[in-house]
Amino acid sequence: MTCVRLFSNMLFMSDYNFTEIEKKWQKYWDENKTFKITEDPKVPKEKRCYVLDMFPYPSSAGLHVGHPEGYTATDIYSRFLMMNGYKVLHPMGYDSFGLPAENYAIKTGTHPGISTEENIEKFEKQIKSLGFCYDWDRKVCTHNEHYYKWTQWIFLKLFEQGLAYEAETPINFCPSCKTGLANEEVKDGNCERCHSKVERKNLRQWILKITAYADRLLADLETLDWSESIKIMQRNWIGRSEGANVTFDLADGSGEIEVYTTRPDTLFGATYMVLAPEHPLVEKITTSEQKQAIEDYKTTANSKSDLERTELAKDKTGVFTGAYAINPVNNKKVPVWISDYILMSYGTGAIMAVPGHDERDFEFAKKFDIPIIQVVSRDGTFHELKEAFTEDGVAVNSGEFDGLPTKEFKEKITDWLDKKGKGKKAVNYKLRDWIFSRQRYWGEPIPLVHCEKCGIVAVPYDQLPLTLPEVKVFAPSGTGESPLATIDEWVNTKCPKCGGKGKRETNTMPQWAGSCWYYLRYLDPDNGKEFASKEKIDYWMPVNLYVGGAEHAVLHLLYARFWHKVLYDLGLVNTIEPFQRLINQGMITSFAYQRKNGSLVPVDEVDEADGEKYIEKATGEQVERIIAKMSKSLKNVINPDDVVRDFGADAMRMYEMFMGPLEVSKPWSTNGIFGIKRFLERVYRLGEKSLSDEKADDKLVRLLHKTIKKVTEDTGSLAFNTAIAQMMIFTGEINSLETLPKTLWEPFVLLLSPYAPHLAEELWEKCGNKASVAMQKWPEFSEELAIDDVITLVVQINGKVRTKLETSRGLSKEQLEEEAMKAPRIQELIEGKAIVKIIAVPDRLVNIVIKG
RNA sequence: GCCGGCGUGGUGAAAUUGGUAGACACGCCAGACUCAAAAUCUGGUGGGGGCAACUCUGUAUCGGUUCAAGUCCGAUCGCCGGUACCA
């Protein structure tokens with residue numbers, strides 16, 4: 001019985017053995033180096049395209065379903081371009097320096113190099129299992145010394161340009177990662193990577209002067225083809241503001257205080273001043289009576305982390321220094337306070353406080369009973385200020401300037417101050433310089449030597465790469481120094497300049513360093529003389545399309561742009577920006593369940609009842625299905641390996657593209673992939689049918705051309721979901737044919753090939769053609785055949801659809817009206833009514849407006 | 001709080017940019033094939049009413065512009081992302 005049953009099952013079962021097909025073609029591409037790309041000067045610039053993915057950090061967790069989303073998108077696009085006659089550079093590599101490997105080393109003693117290599121191998125196997133058309137000969141790994149030699153080289157260029165400086169300043173320190181962090185790496189007061197609470201700590205740091213490029217980083221955003229939201233995020237991060245620096249003399253004549261304000265027009269309303277607690281003037285100006293109070297305040301402020309400072313933001317605190325300053329516009333004496341709501345790192349670290357027109361100052365003034373003076377009014381009259389009025393308006397209470405609108409007043413008063421030598425126009429940025437050192441082992445050593453005589457000396461270029469020494473202990477020293485500091489034979493060196501005693505810099509670079517320029521190394525990965533040759537840079541740059549997650553909106557994209565601009569200024573690259581077009585793929589989320597009280601329930605603890613209700617097994621309580629990020633705790637993580645094993649790489653690729661638009665986040669549903677699997681099986685079965693040289697039915701020819709048009713346009717604009725839908729429509733229509741006309745089938749296989757490359761290769765071969773399908777010419781369509789000659793004309797009465805008519809395309813408005821009026825249904829409905837007007841939209845609809 | 005983005009069937013989503021709302025797919029229902037099931041194929045499927053032809057209603061909510069609104073404008077609510085004393 002079982003035998004017979006098995007046999008009959010076999011007969012009807014689909015023969016689509018994706019595992020075998022996919023293995024076969026991956027081997028073929030690999031062995032034939034199908035996607036190896038070389039620079040051919042005969043190919044004109046406009047037919048070259050650089051399509052780049054954000055390279056992954058090779059984590060031990062392996063590939064996440066989010067990775068293949070972007071990779072598939074660029075893969076389809078690259079293959080599409082190749083078939084359209086483009087030279088496409090499409091590389092892949094690994095951002096392989098990073099903390100997780102080092103933390104793993106601390107735990108297990110495994111050298112991070114070893115675990116990293118293992119992870120890379122695993123990643124690569126997973127990436128290759130999806131059949132992407134990368135030119136693997138161009139692979140780069142940032143931890144490879146032939147790569148980081150050039151990271152160090154570029155760092156030295158920055159150093160030479162005066163863009164790297166050493167400073168001992170309070171920095172963000174992650175007690176868990178035991179390292180300093182850049183401002184961008186702190187999220188809500190927590191470490192971006194491990195989420196521990198960030199502390200303030202004084203450490204000697206290398207810092208890159210990214211602020212020197214703030215204006216260009218801002219201005220050049222205009223030249224980029226990026227989504228507006230990412231541009232806005234970068235603009236906000238750079239945070240440019242215009243205002244004035246204004247000088248207030250101290251009342252006792254002992255000096256002056258410079259403040260930055262964006263509202264110089266409110267100077268007449270300044271009733272006090274505030275210095276940041278760390279401001280150097282504080283010590284000088286504090287009177288003896290206030291000394292103790294000021295010292296106490298400084299101590300508490302200093303012990304607070306930035307997070308605590310903001311957490312306690314609801315209640316303003318501060319102490320009077322005892323000193324007074326003179327307001328330059330009216331010579332009034334104003335008290336000088338200190339408060340931690342003023343940050344030393346922004347502007348001049350000091351403000352003039354205008355409580356009438358600034359919320360923070362208002363709050364402070366209320367608490368400490370400082371006078372509030374209105375100097376701006378919406379309509380020029382006085383009101384009692386119940387809260388700060390921060391909008392623009394008309395000046396009042398401002399002496400000779402009364403009546404001036406805010407904007408004009410700003411200019412006038414700035415000029416006035418300038419003439420009196422009391423102020424100057426000024427621009428400020430929220431962007432801070434980039435803290436570039438990490439007290440860690442697994443990163444690029446900073447190639448500098450501290451010499452007793454010569455100071456800081458760069459390691460000569462011919463001695464690069466400065467490689468990482470072997471260590472036995474990976475844990476940071478705990479004193480804030482990197483593990484490298486414990487290796488005397490490495491640290492103690494000769495000064496490259498004077499030959500005297502020198503000590504190597506023991507900080508390493510942050511992970512972002514390697515990713516700041518990797519797109520350039522792909523151009524010329526084996527070059528031992530330069531990071532990339534000028535010819536190759538000219539050949540390919542800029543990156544035409546860059547696809548990756550939005551989580552890098554500020555960090556990576558800002559840093560890489562900064563480095564690129566430095567290289568540009570040195571004449572080493574040919575474009576002011578590295579990434580011309582940027583697309584952020586949406587996150588792939590997953591389903592989870594939520595109890596009425598808002599707590600989340602893992603997916604394996606919930607049953608589905610009647611296909612719509614969800615019941616928590618343990619309690620029988622009904623829960624709601626929600627969309628959540630994939631997480632181990634919710635047990636809703638999808639492993640790409642499982643998907644490839646169960647459905648195949650082609651199905652995985654196509655499903656991820658079919659889920660919805662590339663840019664939006666969307667939930668993974670394993671049910672959804674069945675539809676794609678069925679589609680691919682149907683395509684496979686179609687390929688089993690015999691091919692004929694007969695002419696195809698006219699209707700099907702039209703459908704084919706329509707399909708080519710839709711797939712061509714949608715693939716070109718990265719609208720993969722609708723392109724797939726059109727291919728589904730096509731297969732649905734040809735499914736019932738006994739034999740397939742070659743002229744119908746072959747173009748379809750070509751259309752499918754960027755999406756499901758393995759299956760398409762197989763089908764192409766079955767048609768009797770030679771591989772590779774990826775090297776074929778993209779099918780063309782005829783505009784004329786791509787549109788239906790018969791259209792459905794919608795006839796509306798007062799905007800409501802009343803009937804639909806089949807008419808031929810291209811009728812004039814008059815003809816349309818005539819057709820519409822002839823329709824019996826319409827005749828009936830307009831009987832005895834007055835026609836007000838008729839709107840005819842060619843090839844679409846006729847709307848008859850009637851009355852009565 | 002501020003700055004972005006988004007709210008369309010039971011579900012993922014389409015909609016030529018102001019012109020047939022729900023393409024395509026999942027799920028569900030029915031039918032064909034089968035002893036039966038699976039697979040496959042065919043048809044149906046926003047909601048309400050009607051035997052039917054039809055009809056009313058429907059794109060978060062309310063209002064507006066228009067012959068015509070998912071699309072434009074105004075207000076409100078909700079979700080997501082960014083940011084947070086930046087003077």
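Numbers restart at 1 for each chain; the letters A, B, ... are given by sequence-line order, proteins then strands.
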Interface residues of residues 238-247 of chain A with RNA chain B (non-hydrogen, below 4.0 angstrom):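 Residues of residues 238-247 of chain A that come under 4.0 Å of RNA chain B are, in numerical order, Ser241(A).
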All side-chain contact (heavy atoms from CB on, under 4.5 Å) counterparts of Ile835(A), not counting sequence neighbours: Met821(A), Ile830(A), Ile838(A), Ile848(A), Ile850(A)
Contacts under 3.5 Å, N or O only, protein and nucleotides 2-9 of chain B:
none

Quote, to the nearest angstrom, the [atom1] distance that separates [N] from [M].
N: A60(B); M: C54(B); atom1: P; result: 29 Å
N: A53(B); M: C67(B); atom1: P; result: 33 Å
N: U8(B); M: C3(B); atom1: P; result: 24 Å
N: G70(B); M: A13(B); atom1: C1'; result: 14 Å
N: G12(B); M: G63(B); atom1: P; result: 28 Å
N: G31(B); M: U65(B); atom1: C1'; result: 50 Å
N: G44(B); M: G9(B); atom1: C1'; result: 15 Å
N: C33(B); M: U42(B); atom1: C1'; result: 11 Å

Do the side chain of [X] and the main chain of [Y] share a donor and acceptor less than 3.5 angstrom apart?
X: Asn428(A); Y: Ser241(A); result: no
X: Thr211(A); Y: Asp433(A); result: no
X: Lys689(A); Y: Asn735(A); result: yes

Tyr655(A) vs Lys804(A), nearer the 5' end of RNA chain B by closest nucleotide: Tyr655(A)
Whichever of Asn847(A) and Pro667(A) has its nearest RNA chain B nucleotide further upstream toward 5': Pro667(A)
Centroid-centroid distance, Phe647(A) to Phe18(A), less than 6.0 Å: no
Arg263(A): which of Thr266(A), Asp265(A), Thr261(A) passes side chain to side chain donor-acceptor pair (under 3.5 Å): Asp265(A)
Is [X] touching bases, backbone alone, or none of the nucleic acid, heavy atoms closer than 4.0 Å?
X: Gln796(A); result: base
X: Tyr260(A); result: base
X: Asp361(A); result: nothing
X: Lys187(A); result: sugar-phosphate
X: Val849(A); result: sugar-phosphate
X: Lys666(A); result: sugar-phosphate
X: Ser669(A); result: nothing

Under a 4.0 Å threshold between the charged nitrogen and the carboxylate oxygen, would [Y] count as salt-bridged to [X]?
X: Asp315(A); Y: Lys367(A); value: yes
X: Lys366(A); Y: Glu363(A); value: no
X: Glu242(A); Y: Arg240(A); value: yes

Taking only the side-chain heavy atoms of [X] (C-beta and beyond), determine which of [options] contains the nearest atom.
X: Lys430(A); options: U20(B), U83(B), A15(B); answer: U83(B)
X: Pro661(A); options: A13(B), G12(B), U20(B); answer: A13(B)
X: Lys316(A); options: C85(B), U40(B), A14(B); answer: C85(B)
X: Ile729(A); options: A15(B), C24(B), U40(B); answer: C24(B)

Lys316(A) charged N/C atom sitting above Tyr341(A) aromatic ring, 6.0 Å / 45°: yes
Ring-face cation contact, Tyr593(A) with Arg625(A), 6.0 Å cut, 45° max: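 No, Arg625(A) does not lie over the aromatic ring of Tyr593(A).
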Under the ring pair (Phe, Tyr, Trp, His ring centres under 6.0 Å) test, residues paired with Phe730(A) that sit two or more places apart: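 Result, ring pair (Phe, Tyr, Trp, His ring centres under 6.0 Å) vs Phe730(A): Phe748(A).
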Ring pair (Phe, Tyr, Trp, His ring centres under 6.0 Å) partners for Phe362(A), two or more places apart: none
Check whether any side-chain N or O of [X] sits under 4.0 Å from OP1 or OP2 of [N], and answer yes or no.
X: Arg682(A); N: A39(B); answer: no
X: Arg844(A); N: G18(B); answer: no
X: Asn721(A); N: A14(B); answer: yes
X: Asn735(A); N: C41(B); answer: yes

N-glycosidic conformation, G9(B) - syn within 90 degrees of 0, else anti: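 Base orientation: syn.
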U17(B) glycosidic torsion: syn (within 90° of 0) vs anti: syn
Got a list of side-chain donor-acceptor pairs under 3.5 Å for residues 660-678 of chain A, not counting sequence neighbours?
| unit_1 | atom_1 | unit_2 | atom_2 | d |
| --- | --- | --- | --- | --- |
| Lys666(A) | NZ | Glu69(A) | OE2 | 2.5 |
| Lys666(A) | NZ | Pro661(A) | O | 2.8 |
| Lys666(A) | NZ | Leu662(A) | O | 3.2 |
| Lys666(A) | NZ | Val664(A) | O | 2.8 |
| Trp668(A) | NE1 | Thr670(A) | OG1 | 3.3 |
| Ser669(A) | OG | Asn671(A) | N | 3.4 |
| Ser669(A) | OG | Gly672(A) | N | 3.1 |
| Lys677(A) | NZ | Glu681(A) | OE2 | 3.4 |

Stems formed with participation of RNA chain B [Watson-Crick or G-U wobble, under 3.5 Å, three or more pairs]: B:1-7 with B:77-83, B:10-12 with B:24-26, B:27-32 with B:40-45, B:46-49 with B:54-57, B:60-64 with B:72-76
Under the side-chain hydrogen bond (donor to acceptor under 3.5 Å, both in side chains) test, which residues partner [X], sequence neighbours left out?
X: Asp215(A); result: none
X: Gln234(A); result: Arg561(A)
X: Lys425(A); result: none

Nearest atoms (heavy-atom pairs only) where Thr803(A) meets Ala823(A): CG2-CB, 4.3 Å
Per-nucleotide protein contact string for nucleotides 43-48 of chain B, where B marks a base within reach and S marks sugar-phosphate only (heavy atoms under 4.0 Å, - for neither): ------
Rounded interatomic separation in angstrom, taking CH2 from Trp237(A) and P from G81(B):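 Atom-to-atom, Trp237(A) to G81(B), this comes out as 17 Å.
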Rounded distance (nearest 0.5 Å) linking atom CD of Glu278(A) with atom CD1 of Ile338(A): 9.0 Å
Under 3.5 Å between N/O atoms: give me all the protein pairs with nucleotides 52-56 of chain B, atom names plus distance.
| unit_1 | atom_1 | unit_2 | atom_2 | d |
| --- | --- | --- | --- | --- |
| C54(B) | O3' | Arg825(A) | NH2 | 3.3 |
| U55(B) | OP1 | Arg825(A) | NH2 | 2.8 |
| C56(B) | OP2 | Arg802(A) | NH2 | 3.0 |

